[in-house]
Participant: 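Below is one structure. I have some questions about it.
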Amino acid sequence: MQFPLMPVQASTISGEVDHLLYFLLAVAVFFIVVIFAAIFYFAIRYRRRSDAELPEPVHGSVPLEILWSVIPFGLTMVMFTWGASLYFRMNRPPDNAVQIYAVGKQWMWKLQHMEGQREINELHVPVGRPIKLTMTSEDVIHSFYVPAFRVKQDVLPGRYSTIWFQPTKPGKYHLFCAEYCGTKHSGMTGWIYVMEPQEYQAWLGGGAAAGSLADNGQKLFQDLACANCHKLDGTGRGPNLAGQFGRTIQLSSGGTVAFNEDYIRESVLQPAAKVVSGYQAIMPTFQGLVTEEGLVQLVEYIKSLTPASGSTPPGGSGVTPPPDKQAPNQRQTQPSVGTSTPGNR
Ligand code: CUA
């Protein structure tokens with residue numbers, strides 16, 4: 001009969017998270033023992049022996065003050081540097097991570113792979129590869145939590161948050177929502193299936209995916225008539241979006257903005273918020289006309305208009321050959337699907 005106190009360790013980071021937790025626990029237990037032992041010892045040793053007894057005045061001790069300042073300071077600095085370094089690593093996905101999008105809503109997880117496969121409350125991933133999730137919410141705050149991977153990240157409406165992990169063991173792991181989000185919060189669970197690479201490959205091939213995210217995004221870009229103004233030869237009434245992803249954009253308000261996923265999302269929903277320098281705020285909002293999944297597809301399409309930079313490490317952030325799809329004839333740049341598909345797909 002098994003009685004596990006901790007979830008299995010199934011990601012590269014889980015052992016390290018546990019070590020830090022054990023260290024914090026050990027420090028806490030040590031001081032609890034010392035403090036309670038001292039309380040009991042002093043209570044007995046210095047108890048009042050007669051009603052007439054008066055205690056001796058205490059005048060303090062400099063060495064003691066220094067001792068109990070320096071030791072806790074040292075200990076908390078160890079906790080801080082250890083915790084911070086782990087936190088930074090957990091928040092910086094490697095460049096070659098497999099990109100997956102997640103949308104939380106009351107009360108389910110919707111996931112989209114770059115290749116176009118969609119899942120609900122299930123996520124299939126390959127073992128031994130870093131997986132990066134870009135997540136947003138359709139309604140309230142949720143939190144993506146996989147105990148076996150020791151990762152948890154809030155999923156917020158109105159912006160993208162990311163999380164990454166590298167599974168180390170094939171298997172089936174619980175996915176939870178870890179932020180109270182309404183009556184069925186406790187039912188907002190799912191499973192992560194970690195598969196052997198060949199198995200995962202077969203799974204990817206098996207689903208009848210209707211085109212990659214970027215392809216669907218391109219279709220949406222046409223259907224919503226974005227392409228009428230955002231012409232890829234720069235002659236449109238809106239800025240040319242090709243080659244812009246990752247750059248810093250000058251705004252008509254005078255400031256600058258990083259051209260990233262959040263900026264694309266915001267610009268579709270609130271076009272007037274950050275207008276590119278030299279353009280008029282004439283774009284209508286697409287609020288209500290495009291779903292969060294659609295936004296993700298648009299983001300991937302616009303990302304695909306910027307060739308992956310040559311500085312990525314070999315085997316790195318997926319420089320895929322351009323999809324030989326029905327590219328709009330204005331297209332001038334070599335599209336490449338952003339973070340997907342390091343060679344072995
Ligand atoms: Cu979603 Cu709790």
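One-based numbering, in listed order, for ligands and for the atoms of each. When a residue number appears, it is its place in the shown sequence, counting from 1.
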Participant: I'd like to know if the side chain of E300 pairs up with that of Y101 as donor and acceptor (distance under 3.5 Å, no hydrogens or angles considered).
Facilitator: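 Distance-only check passes for E300 and Y101.
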Participant: Hey, does the Lys NZ or Arg CZ of K172 hover above the aromatic six-ring of W191, less than 6.0 Å from the centre and inside 45° of the axis?
Facilitator: yes
Participant: Output yes if H142 passes the N/O/S-under-2.8 Å test against atom 2 (Cu) of ligand 1; output no otherwise.
Facilitator: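 No.
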Participant: Do T285 and Q270 get their side chains close enough for a donor-acceptor pair, meaning under 3.5 Å?
Facilitator: no
Participant: Tell me, which N, O or S atom in E179 is closest to atom 2 (Cu) of ligand 1?
Facilitator: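 The nearest such atom is O.
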Participant: Test your reading of the model: is there a side-chain donor-acceptor pair from S137 to the backbone of L156, 3.5 Å cut-off?
Facilitator: no
Participant: Within rounding of 10°, what is the angle whose vertex is atom 2 (Cu) of ligand 1 and whose arms end at SG of C177 and ND1 of H185?
Facilitator: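 If I round to 10°, I get 120°.
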Participant: Round to 10° and report the angle made at atom 1 (Cu) of ligand 1 by SD of M188 and SG of C181.
Facilitator: 110°
